[in-house]
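These notes are about the structure you will find just below.
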Amino acid sequence: MILVTGATGSIGTHLVRLLQDRGVAFKALVRDEGKGRALGCDVVTGDFDDPGSLAPAMEGVDRLFLNAGGAQPVDGEQPMVRQQKAAIDAARAAGVSRVVKVSVSGAHRGGRLAQGAHWEIEEYLKASGLGWSMLRPGGFMQNFVTGTAAFTADGRLLDVYGGAPVSYIDCHDIAACAAALLTGSGGLGETYELTGPRALTSAEVARELSAALGRTVEYAELSPDELAAGLRVQGLPARFADDLAELSRQVARGSMAATTTAVRDLTGREPRTFGDFLADNAEALRTGLASAAG
């Protein structure tokens, strides 16, 4: 039995469908039972912030897909560290044999925001005695649909990376890699850097968006300092804003330009292109941009 956490998110919804298609026994951990029912699978209610709710959720589970929210604008430790450590503790107590964790590209000791938080969780999982596999994706293609911060109010694509290429990945491919590890025997003790098939600059992304949407999408450059200043104006903590600015500088220096063969190695097929993603999501993107402009 597999337990899928983050089941209603960008990765989890794809993973649920993949496991359903394969006829694999699994259940989804959800905070909102109504949203869980919409998945059309067995669900259990629980919350990473309520460790007592995790033990019953783990009953009968031998494999865990560990995925939670990203970095939050808080002072001190990122909440995901406490939350995922609680899930790992509950998995160990329940006799779970293997955990497939979604981490982040570039996770390392002392890293900014999610990079440092995920590294700490990775180390905790490695020391837990549980079998583990780490998935480290880079930028999500889905962020162009769900992340309103990707565009200006007048619909221009924001380039906060100084024109540097980014190897965006479709969350469907992250889910497919997770499904391969959760249902197979390979990959124990391995860390996989997940990317799309090629890195794209903002100019290239704008051209592909223009073709998919049937109108010209321009892009606007925003320096890391301008990004941080804008976030502070919105009331976000200065340290959070500065950390995001530094992460943008790292990407501008090429930290997310490389591509890997991990998706092909795990799934036996090539990763989805940005064009593939847009073909499936053009209408959602068009609606999202219209809402933002309104």
Side-chain angles (χ1 to χ4, degrees), residues 1-20 24-104 107 113-135 137 140 142-143 146-147 171 174-175 178-179 182 236-237 240:
M1 171 70 73
I2 297 168
L3 179 65
V4 176
T5 66
T8 59
S10 297
I11 302 170
T13 51
H14 287 298
L15 179 56
V16 164
R17 286 195 291 271
L18 287 170
L19 295 177
Q20 287 173 325
V24 177
F26 76 97
K27 55 186 176 180
L29 176 70
V30 297
R31 287 180 296 177
D32 185 321
E33 189 173 355
K35 288 184 178 179
R37 283 197 297 270
L39 293 171
C41 64
D42 291 338
V43 299
V44 288
T45 55
D47 193 323
F48 284 147
D49 284 323
D50 178 12
S53 70
L54 299 178
M58 298 283 180
E59 290 181 5
V61 170
D62 62 347
R63 298 196 174 194
L64 170 65
F65 176 67
L66 181 57
N67 186 34
Q72 298 181 29
V74 299
D75 291 322
E77 183 181 76
Q78 281 292 317
M80 72 169 79
V81 175
R82 178 190 71 252
Q83 294 165 346
Q84 294 197 30
K85 284 183 176 180
I88 292 166
D89 289 343
R92 181 172 53 200
V96 170
S97 63
R98 182 171 186 176
V99 178
V100 176
K101 171 180 161 48
V102 176
S103 183
V104 69
L113 299 175
Q115 288 184 337
H118 278 297
W119 179 86
E120 185 174 344
I121 300 164
E122 285 186 5
E123 292 302 300
Y124 192 80
L125 176 55
K126 290 176 182 178
S128 70
L130 297 168
W132 58 268
S133 301
M134 311 295 184
L135 298 177
F140 292 0
Q142 274 72 9
N143 288 345
T146 61
C171 288
I174 305 171
L182 289 164
L236 294 176
F240 182 81

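- Distance check: K35 NZ to T13 OG1 gives 12.0 Å after rounding to the nearest 0.5 Å.
- Side-chain contact between D32 and T8 is absent, with no heavy atoms from C-beta onward closer than 4.5 Å.
- You'll find the side chain of I11 reaches within 4.5 Å of the side chain of F140, heavy atoms only.
- The shortest side-chain heavy-atom distance between W132 and V100 does not fall under the 4.5 Å cut-off.
- Across P56 and G52, no two heavy atoms sit closer than the pair CD-O, 3.4 Å.
- Minimum interatomic distance between D47 and S53 (heavy atoms only, all atoms of both residues): N-OG, 2.9 Å.
- Going from atom CD of Q72 over to atom CG of L236 covers 12.0 Å, rounded to the nearest 0.5 Å.
- Shown here for M80 and I121, the closest heavy-atom pair between the two residues is O-CD1, 3.5 Å.
- Here the side chains of L135 and S103 are not in contact, with every heavy-atom distance at 4.5 Å or above.
- Using modelled atom types, one side-chain atom of Q20 and one backbone atom of G40 make a donor-acceptor pair closer than 3.5 Å.
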- Task: Step by step, work out the side-chain contact (heavy atoms from CB on, under 4.5 Å) result for V99 and L66.
- Result: CA-CA 7 Å; V99 178; L66 181 57; 3.9 Å; yes
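- With a 4.5 Å cut-off on side-chain heavy atoms, L54 and L29 count as touching.
- Expressed to the nearest 0.5 Å, how far NZ of K101 lies from OH of Y124 amounts to 13.5 Å.
- In this structure, A28 and L3 approach most closely via the heavy-atom pair C-CD1, 4.2 Å.
- A 4.5 Å side-chain heavy-atom check between L182 and F65 finds at least one atom pair inside the cut-off.
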- Task: Check step by step if side-chain contact (heavy atoms from CB on, under 4.5 Å) holds for M1 and R63.
- Result: CA-CA 6 Å; M1 171 70 73; R63 298 196 174 194; over 6 Å; no
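- Between the side chain of N67 and the main chain of V102, no donor-acceptor pair closer than 3.5 Å is present.
- At least one side-chain heavy atom of M134 sits under 4.5 Å from a side-chain heavy atom of K126.
- Judged by distance alone, the side chains of T45 and R31 never bring a donor and an acceptor atom under 3.5 Å apart.
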- Task: Applying side-chain contact (heavy atoms from CB on, under 4.5 Å), run through K85 and V81 and close with a yes or a no.
- Result: CA-CA 6 Å; K85 284 183 176 180; V81 175; 3.7 Å; yes
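- With Q142 contributing its side chain and C171 its backbone, the two residues share a donor-acceptor pair below 3.5 Å.
- In this structure, A94 and M58 approach most closely via the heavy-atom pair CB-CB, 3.5 Å.
- For the atom pair CD of E120 and CD of Q115, the computed distance is 14.5 Å after rounding to the nearest 0.5 Å.
- When atom types are taken as modelled, the side chain of K27 and the backbone of A57 share a donor-acceptor pair closer than 3.5 angstrom.
- Of all the heavy atoms in L19 and I2, the pair that sits closest is CD2-CD1, 4.3 Å.
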- Please lay out, stage by stage, how T5 and F48 fare under the test side-chain contact (heavy atoms from CB on, under 4.5 Å). CA-CA 9 Å; T5 66; F48 284 147; 3.7 Å; yes
